Q: 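Structure in structure tokens, see below.
The analysis underlying the following values was restricted to heavy atoms, covering all of them including side chains, and did not include hydrogens, waters or symmetry mates. Order of appearance sets the numbers: ligands from 1, and atoms from 1 within every ligand. What you see is a predicted model; the values in this text were computed from it and never measured.
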Amino acid sequence: MTVIGFLPRLALVGLIVIAGDLVGRALGTLVGYSQIGEWFGVLAAVVTLLLIDTLRIRRLMQWLREKQPGEAPRGSGYWGDLAYLIERALRKRDRAIAQERLQLQQFLSAIEASPNGVLMLDAHDHMTWCNRMAADHFALDPQRDLQQRITNLVRYPSFVSYLQAGRFNEPLLLASSRGPGTLSVIVRPYGEGLRLVLTQDVTERERAESMRRDFVANVSHEIRTPLTVLSGFIETMSSLPLSEAERRRVLVLMGHQTERMLGLVSDLLTLAQLEGSPRPGADRWLELAPLLKRVEADANALSGGRHRIRVEADMSIQLAGIEAELLSAISNLLSNAVRYTPEGGDIELSWRRLPEGGGQICVQDSGPGIAKEHWPRLTERFYRVDGSRSRDTGGTGLGLSIVKHVMQRHGGELQVFSEVGKGSRFSLLMPPARVRDNAPADGH
Ligand code: ADP
């Protein structure tokens, strides 16, 4: 390339020197000074080369200055090669930058898509970048708040002292600035004095944790009460000489407490099973009428003739689900009706087909009724409207949560309607896919 570049220039210089020499000679003859010809030839060659080089260098510089629009000014010789090499190096650099930009963009989009908040701080705790989730968690504007000191933007005193203390082993829990809720914040130092602030909405986790704590406390309380009574009786029996009649009475009371604990443990196991097992398939069909007959018998036994119990069981309907679970749901409702309705009251168990194809099993009583403010909480574990009546009649406070679980697993729901002083109606809604008219005798 050097030779190719050099030879044309040499040829050009030669041509110009000869042409300049000729012109110089002619001029020299005119002015009577012949030597001017040689000087004129060399001068013309130098000036022409200078001119050509200046022009080409100007074009190249202009192209560079104007951010390299189109191709570099090409041409033969050194300047053409130089322009080509510069253009190639620049294009290579541009491609590398574009590639890096794309990677950075993809990287930022990935962080943007994260369900957790990510916020970057420089060495002076100024925010240099944050994703939408972090902006949302701290109520920031990702553009407007850039380069602002984070402690001016997030003013929770606990956050400010956490950041200043520099001990980031444990995450910091903050009350979210968007209404009720809890944020977990952790800081990770990186690079030279830079810090990454990671945030996570842990409202649900905290709620589940507090529910678990409440549940354990409730279970312990429910079990401790009968155990305390039992241990009192045991002490009485072992320290006092009791008559046969007294002994029998104490044993009956001990029996009640034991039954209460057994009932509680059995309900807890039922709940645990419901939560841990797969949803019942929609292809296990069972007859509704015999199911209702069975719960009617249990209700009559529990009532001991103190209530008028009416059951509409002559329908030919099949339901899809798990028999033991549906049985448990209906008998929980009936046993509540019996336990809470005073003597002489009416209780009715009925079935109704709904217009869209589903159906509902209703348990209606003429008991004390339940004020509306309690309705949403009735299915909470251990929630009782009338605590002493519940315990006196062997209630565990878990019955309606079992019913709700069963219905949810069957794609249905539990509905409550009640009027204080008049009575209550609990309905189990079954979805259309789980209700059908009695199949022919071959069971298909
Ligand atoms: P429990 O074992 O205490 O009956 P449940 O979960 O079955 O627990 O019911 C929750 C609470 O709802 C009961 O403690 C009771 O106060 C109220 N309740 C349920 N069914 C009836 C009803 N038929 N009539 C009046 N109150 C009821």
Q: Students should find this: residues with any non-hydrogen atom under 4.0 Å from ligand 1. What is the answer?
A: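 Ligand 1 is contacted, at a heavy-atom distance under 4.0 Å, by Asn336, Ala337, Arg339, Tyr340, Asp365, Ile370, Leu378, Tyr383, Arg384, Val385, Asp386, Ser390, Gly395, Thr396, Gly397, Leu398, Gly399, Leu400, Ser424, Phe426.
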Q: Without placing hydrogens or testing angles, list every side-chain donor-acceptor pair under 3.5 Å for residues 98-107, not counting sequence neighbours.
A:
none

Q: Got a sec, which pairs hit salt bridge (Lys or Arg N to Asp or Glu O under 4.0 Å) with one end in residues 387-407, sequence neighbours left out?
A: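 Residue pairs with at least one partner in residues 387-407: Glu222-Arg391.
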Q: State whether Phe168 and Arg188 meet the cation-pi test: NZ (Lys) or CZ (Arg) under 6.0 Å from the six-membered ring centroid, and within 45° of the perpendicular axis.
A: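 No, Arg188 does not lie over the aromatic ring of Phe168.
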Q: Return yes when atom CZ of Arg56 has more than 12 non-hydrogen atoms of other residues, nucleotides or ligands closer than 6.0 Å, and no otherwise.
A: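 Yes, because the 6.0 Å sphere around CZ of Arg56 holds more than 12 heavy atoms from other groups.
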Q: Evaluate Arg339 against Asn336 for side-chain hydrogen bond (donor to acceptor under 3.5 Å, both in side chains), listing each step before the verdict.
A: CA-CA 5 Å; Arg339 286 168 38 234; Asn336 277 355; 2.8 Å; yes
Q: Any side-chain hydrogen bond (donor to acceptor under 3.5 Å, both in side chains) involving residues 351-370? Give me the pairs, sequence neighbours left out, ordered by first then second residue.
A: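 For residues 351-370, and leaving out neighbouring residues, the side-chain hydrogen bond (donor to acceptor under 3.5 Å, both in side chains) pairs sorted by first residue read Arg353-Asp437.
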